[in-house]
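Okay, structure first, notes after.
By convention here, the first residue in the shown sequence is residue 1. These numbers come from the heavy atoms of this one structure, side chains and all, not from hydrogens, waters or symmetry mates.
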Amino acid sequence: MAIDFSLSESQVKLQADARDFARRVLTGVKATIANIARPEDRFYAIRPFYEKMVEAGFAKALIPREFGGNGLSAIDFAIATEELAAVDINVPSALLATGLGLEPIIRYGSAEQKREFLTPYLATNGAPLAALAFTEVTGGANFDTPDPRFGVRTFARRDGDHWVISGQKHYTTNGTGWGGKGADLFSVVCRTDPDKPPQESLAIIVVPGDSPGIEIAGIIDTVGHRAVVSPRIHFNEVRVPAANLLGRPGDGVAMTAKVFAWTAALIGAACTGVMRAAFDCAFDFAKNDHRSGPVPVIEYQNAGYMLADLKMRIEASRYLAWKACHYLDTTGGEGLEMAVIAKVYCSELAVQVVYDAMRLVGVDSYTDMTPLAGLMQDALCFPLYDGGNMGVRRRQLHNLFRTPGYDPMAAAEGRLSPRT
């Protein structure tokens, strides 16, 4: 029997280690950031927790083994991500955002580029951050529109042996760095020719964080993910070596889609963690609270039905995320369909699960007497970020379905379909 959901010995250890780390370390995040007003200060306050993640080897796990890292597979990252997100979403998000910033280099960089840019993230001390500078201030949904008058408005012009980058981005997670000094590295999505469509001009260029001309122009405060920083970053005539271009102009369309597929699958795992936290709260309430009645709430049939529905959704979410990660691993990162499906389905399911947990607990769930209101604020972000689900349905899934020769069973059977 080929299908086996049993974890390997190393995966069991990874799961246990991540769970232990979350309970020992990440449980302190909520109290640390609770009374901090400014979003950037909340982010800066989680640095000690991020440093402990680095010490524990989570950052090194982002880097392939051939370049000195621990090279966790996507499925292994999903196992760890669920455990971490079940306790805190903020610090793991900073780690995954660093992975998102490094993923273009890992997947598309030359051996020389990988050695140069990935080496700082092999350390098991400090707090190195990377960021993907993707979203334009006018939005990112139409980044690949074939009309060159629209889409990405961050441009890189060639000047001798350098690229000179100018443009404005926002929602550049990790972009402030610690203390407002900027991330250690940016992977900047830009166009190399304003007169050519992205299929000929979209590119990703690696920009060291200490390059002159990088400006932190503002901070966007968010309702959930309270210690995940979302800055506006301006690139003002930022000059970098021509060798910092990954691949060739025009490659950026495929690069961007495949990079976001990695985080899309892992968002499914993070959603599962948040759902677990909501279930645990509702389950504890149902077992121990009588609501002034003669028996605990769990003895009432409708409460039992609600808990059953929550648990079924959590299990479905977990295995869909695992399937998506397995599909990425077995297709060399080319199998995008399941990652997109997992991101959309699990993120919308998370909102429903947290809401139903709140319904079970009642009005107390809308206060600070339980963690559920905060979990709802976190869950609401999932369908909206890293490509809002409405746009993802159109750009990825709808377009895929329209592709001549599309095979609806390919992903289910672990095969690639056209443009997956």
Go through it in stages, so that I can follow the logic: the residues are Q113 and L246, the test is side chain to side chain contact (heavy atoms under 4.5 Å, CB included), and I'd like the CA-CA distance, side-chain angles, deciding distance and then a yes or no. CA-CA 8 Å; Q113 288 171 327; L246 300 175; 3.4 Å; yes

[Y] and [X], any side-chain heavy atoms less than 4.5 Å apart:
| X | Y | result |
| --- | --- | --- |
| I220 | R232 | yes |
| V240 | V206 | no |
| K181 | I214 | no |
| V188 | I204 | no |
| F49 | T32 | yes |
| P198 | V152 | no |
| Q15 | L7 | yes |
| M358 | M376 | yes |

Mind jotting down which residue pairs meet the side chain to side chain donor-acceptor pair (under 3.5 Å) criterion with at least one end in residues 306-316? Sequence neighbours excluded, please. K311-E315, R313-D356, E315-R318, E315-Y319

Modelled atom types, side-chain donor and acceptor of [X] and [Y], under 3.5 Å:
| X | Y | result |
| --- | --- | --- |
| S166 | E237 | yes |
| Y385 | S93 | no |
| Q11 | D76 | yes |
| S317 | T272 | yes |
| E136 | Y171 | no |
| D147 | T145 | no |
| D386 | T263 | yes |

Candidate list Y121, F21, Y50, F77, test ring pair (Phe, Tyr, Trp, His ring centres under 6.0 Å), partner F58, passing option: F21

Any carboxylate oxygen within less than 4.0 angstrom of a Lys/Arg side-chain nitrogen, looking at [X] and [Y]?
| X | Y | result |
| --- | --- | --- |
| D221 | R42 | yes |
| D88 | K30 | no |
| D17 | K13 | yes |

Is it the case that more than 12 heavy atoms not belonging to [X] sit under 6.0 Å from its [atom1] atom?
| X | atom1 | value |
| --- | --- | --- |
| Y355 | OH | no |
| E112 | CD | no |
| Y345 | OH | no |
| E413 | CD | yes |
| R239 | CZ | yes |
| Y366 | OH | no |

Taking [Y]'s backbone N and O only, do any of them form a donor-acceptor pair with [X]'s side chain (distance below 3.5 Å, no angle check)?
| X | Y | value |
| --- | --- | --- |
| S365 | G362 | yes |
| K323 | A412 | yes |
| T98 | A94 | yes |
| N244 | I205 | no |
| K114 | I106 | yes |
| N399 | R395 | yes |
| S211 | V207 | no |
| T192 | S201 | yes |
| Q199 | D144 | yes |
| N70 | L72 | no |

Might you point out which heavy atoms bring [X] and [Y] nearest each other, and give the distance in Å?
| X | Y | result |
| --- | --- | --- |
| L118 | I63 | CD2-CD1, 4.0 Å |
| L328 | A261 | CD1-O, 3.7 Å |
| D364 | T370 | O-CG2, 3.8 Å |
| R191 | F150 | NH1-O, 3.2 Å |
| A265 | A324 | CB-CB, 4.0 Å |
| L266 | T81 | O-CG2, 3.8 Å |

Distance check, rounded to the nearest 0.5 Å: [X] atom [atom1] versus [Y] atom [atom2]?
| X | Y | atom1 | atom2 | answer |
| --- | --- | --- | --- | --- |
| L96 | T173 | CG | OG1 | 10.5 Å |
| E82 | R19 | CD | CZ | 8.0 Å |
| I46 | M53 | CD1 | CE | 10.0 Å |
| Q352 | L310 | CD | CG | 9.0 Å |
| I233 | T154 | CD1 | OG1 | 11.5 Å |
| L185 | L129 | CG | CG | 10.5 Å |

Checking R276 against E83 for the salt bridge (Lys or Arg N to Asp or Glu O under 4.0 Å) test, could you report, in this order, the C-alpha distance in whole Å, the side-chain angles of both residues, the deciding distance, and whether it holds? CA-CA 9 Å; R276 262 178 53 188; E83 298 302 324; 2.9 Å; yes

Would you sort out whether L384 and N389 count as a side chain to side chain contact (heavy atoms under 4.5 Å, CB included), showing the intermediate values? CA-CA 6 Å; L384 304 175; N389 287 357; over 6 Å; no

side-chain hydrogen bond (donor to acceptor under 3.5 Å, both in side chains) partner of R415, the single match among D407, T331, T330: D407

Applying side chain to side chain contact (heavy atoms under 4.5 Å, CB included), run through Q168 and F235 and close with a yes or a no. CA-CA 6 Å; Q168 300 178 2; F235 296 90; over 6 Å; no

Side chain to side chain contact (heavy atoms under 4.5 Å, CB included) assessment of E337 paired with L400: CA-CA 8 Å; E337 181 179 358; L400 182 64; 3.6 Å; yes

Check: H225 ring centroid to F382 ring centroid under 6.0 Å: yes

Relative to W163, does R157 satisfy both conditions: NZ or CZ under 6.0 angstrom from the six-membered ring centre, and within 45 degrees of the ring's axis? no

